[in-house]
Amino acid sequence: MNGPGWREPTLATLTDRRFSDEDWIFERKLDGVRAICVRDSGTPTLYSRNHKVMDNAYPEIVEALAAQGGPRFVADGEIVAFDGDDTSFAALQPRIHVSDPDRARATGVRVYYYLFDLLYYDEHDTTALPLRQRKALLRDAFDFEDPLRLSAHRNAEGEKFYEEACRRGWEGVIAKRADAPYHHGRSPDWLKFKCAQGQELVIGGFTDPQGARHGFGALLLGYHEDGGLKYAGKVGTGFDEKLLASLHAQLRKRETRSSPFAGPVKERGAHWVRPELVAQIDFSEWTRDGRLRHPRFAGLREDKKAADVVRERA
DNA sequence: CTTGCGAAGTCGTTCTCCTCA
DNA sequence: TGAGGAGAAC
DNA sequence: GACTTCGCAAG
């Protein structure tokens, strides 16, 4: 149980296919930090997705785990914080990298550990069991009292659940094959239905490429507000080599000496362009600082005038 | 030979921690 | 003391 | 977190 294999969580595969299927179960995608807890007779330990120990950041969760589950277990779940009724990565963020338990508690950020899978329990490796069976064992293995919670799931109506999730502003839905064993690493048995939002943004510049990248690194984006172009962050993914080349050519034609943005934009290797091109950007949400989170380029909008581009949603 | 899937490489924001002037 | 970079969450 | 590209195994 000490081998690194146990600490390798299942990673879901992103898909656009939405479906309902009785052989699949559906869970709300929580916006927090993935954690696998391992207890081998001593104190439980929380591991991150990349096998880093997170005990110092979440001491109350380690404490709660120590009080139950027996001498040996391995379970999988997500550590979250709430902003109102929604799990919020931003709310959790002040805690994530704290290296001292006292300081972690002193942040005042309440955290919860939602468990959704069981890998080892009662002297048995459970990874080969079908998911439904693992979930049944998990439900009985712990007393779910805060900060420990059992992640609920649905057995049907995946599409309806997805629509409901997006309407409520959740991150999305994870679909899991009900009879599949636990898989370490990326798996097609876990699918991610993400709720995305998108809008048009003006391209006001670009950055130099790095490494093997050609053309440019990222596009600098903005929207009109109070008579100026407000900076909204960068987008550096969504283009293949061909698109990189053609966009770069269009940008060079529009290059200018001074920034079109209102206020300073401090980006290394920045080039400025006349704010004429409009890009369609898909992203997960706006950050507190008015930047795009998880942005990806979804195409050029020839039908939109740059001057008409404003921010659409809070 | 074609297809599929996992790994690696290049990008995003933000937080804490560490280094250095 | 403060700026800037690295590392690590997503 | 996103995406694209690449290599290798399976078919």
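Every chain is numbered from 1, with letters handed out A, B, ... down the list of sequences.
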Q. Atom CD1 of A/Ile79 and atom C1' of C/dC10: how far apart are they, to the nearest Å?
A. 14 Å

Q: Mind running ring pair (Phe, Tyr, Trp, His ring centres under 6.0 Å) on A/Phe73 and A/Tyr121 for me, showing each step along the way?
A: CA-CA 5 Å; A/Phe73 59 78; A/Tyr121 182 64; 7.7 Å; no

Q: Starting at atom CG of A/Leu30, determine the distance to atom P of C/dC10, rounded to an integer number of angstrom.
A: 12 Å

Q: Please determine, for the side chain of A/Pro188, which listed nucleotide (B/dT13, B/dG6, C/dA8) has the closest atom?
A: B/dG6

Q: Please state whether the phosphate of D/dG1, meaning OP1 or OP2, lies under 4.0 angstrom from any side-chain nitrogen or oxygen of A/Lys192.
A: yes

Q: Classify the nucleic acid contact of A/Leu92 as base, sugar-phosphate or nothing, counting any heavy atom under 4.0 Å across all strands shown.
A: nothing

(Q) Let's see if you can work this out: which of B/dC11, C/dC10, C/dA8 has an atom nearest to the side-chain heavy atoms of A/Val33? (A) C/dC10

Q. A/Gln93 near the nucleic acid: base, sugar-phosphate alone, or nothing, with a heavy-atom cut-off under 4.0 Å?
A. base

Q.
Do A/Arg139 and A/Leu150 make a side-chain contact, defined as non-hydrogen atoms from C-beta onward lying under 4.5 Å apart?
A. yes

Q. Taking atom C1' of B/dT14 as reference, at what distance in whole Å does atom CD of A/Glu285 sit?
A. 12 Å

Q. Within the pair A/Arg186 and B/dC5, is there a side-chain N or O less than 4.0 Å away from OP1 or OP2?
A. no

Q. Counting side-chain heavy atoms from C-beta on, which of B/dT13, C/dC10, B/dC15 comes nearest to A/His97?
A. B/dC15

Q: Using a 4.0 Å heavy-atom cut-off across all strands, classify A/Lys194 as base, sugar-phosphate, or nothing.
A: sugar-phosphate

Q: Remember a base hit wins even if backbone is also touched, and classify A/Gly32 as base, sugar-phosphate or nothing at under 4.0 Å, heavy atoms.
A: sugar-phosphate

Q.
So if I take every side-chain heavy atom of A/Arg34 and compare against B/dG12, B/dT10, C/dC10, which nucleotide ends up nearest?
A. C/dC10

Q. Rounded to whole angstroms, how far apart are CG on A/Asn56 and P on C/dG7?
A. 20 Å

Q: Please determine if a side-chain N or O atom of A/Ser284 lies less than 4.0 Å away from the OP1 or OP2 oxygen of D/dG1.
A: no

Q) Which of the following nucleotides, B/dC15, D/dT4, C/dC10, is nearest to the side chain of A/Arg288? A) B/dC15

Q) Looking at A/Glu63 and A/Arg105, does any basic side-chain N land under 4.0 Å from a carboxylate oxygen? A) yes

Q | A/His294 ring center near A/Phe283 ring center (under 6.0 Å) | A | no

Q) Closest to the A/Ser99 side chain: B/dC17, C/dC10, B/dG12? A) B/dC17

Q: Identify, between A/Asp240 and A/Glu171, the residue whose nearest nucleotide on DNA chain D lies closer to the 5' end.
A: A/Glu171

Q. Salt bridge between A/Asp308 and A/Arg301, side-chain N to carboxylate O under 4.0 Å?
A. no

Q: Measure from CE on A/Met54 to P on B/dC15 and round the result to the nearest Å.
A: 19 Å

**Q.** OP1 or OP2 of C/dA9 under 4.0 Å from side-chain N/O of A/Ser48
**A.** yes

Q: May I ask you to test the A/Val74-A/Ile36 pair for a side-chain heavy-atom distance under 4.5 Å?
A: yes

Q. In whole Å, what is the span from the CG atom of A/Asp31 to the P atom of B/dC15?
A. 14 Å

Q.
Using OP1 and OP2 only, check whether a side-chain N or O of A/Thr287 sits under 4.0 Å from B/dT14.
A. yes

Q: Return the nearest nucleotide to the side chain of A/Pro209; candidates are C/dG7, B/dG12, B/dC11.
A: B/dC11

Q: Mind checking A/Asn50 for me? I need base, sugar-phosphate or nothing, with any heavy atom below 4.0 Å counting as a touch.
A: sugar-phosphate

Q: Specify the residue among A/Arg103 and A/His294 whose closest nucleotide of DNA chain B lies further upstream toward the 5′ end.
A: A/His294

Q) Looking at A/Arg95, does any N or O in its side chain come under 4.0 Å of the phosphate oxygens OP1/OP2 on C/dA9? A) no

Q. Which comes earlier along DNA chain B counting from the 5' end, the contact point of A/Val98 or that of A/Asp289, where each point is its nearest nucleotide?
A. A/Asp289

**Q.** Side-chain N,O (A/Arg293) to OP1/OP2 (B/dT13) below 4.0 Å
**A.** no

Q. What nucleic acid atoms does A/Phe239 come within less than 4.0 Å of, heavy atoms only: base, sugar-phosphate, or nothing?
A. sugar-phosphate

Q. Does the side chain of A/Phe206 reach to within under 4.5 Å of the side chain of A/Lys234, using non-hydrogen atoms?
A. no

Q. Any side-chain N or O of A/Arg268 under 4.0 Å from OP1/OP2 of C/dG4?
A. no

Q) For the pair made of CZ in A/Arg213 and C1' in D/dT4, what is the distance, rounded to whole Å? A) 9 Å

Q) Quick one: which of D/dA2, C/dA9, B/dT16 gets closest to the side chain of A/Ile96? A) C/dA9

Q: Report the distance from atom NE2 of A/His214 to atom C1' of D/dC3, rounded to the nearest whole Å.
A: 17 Å

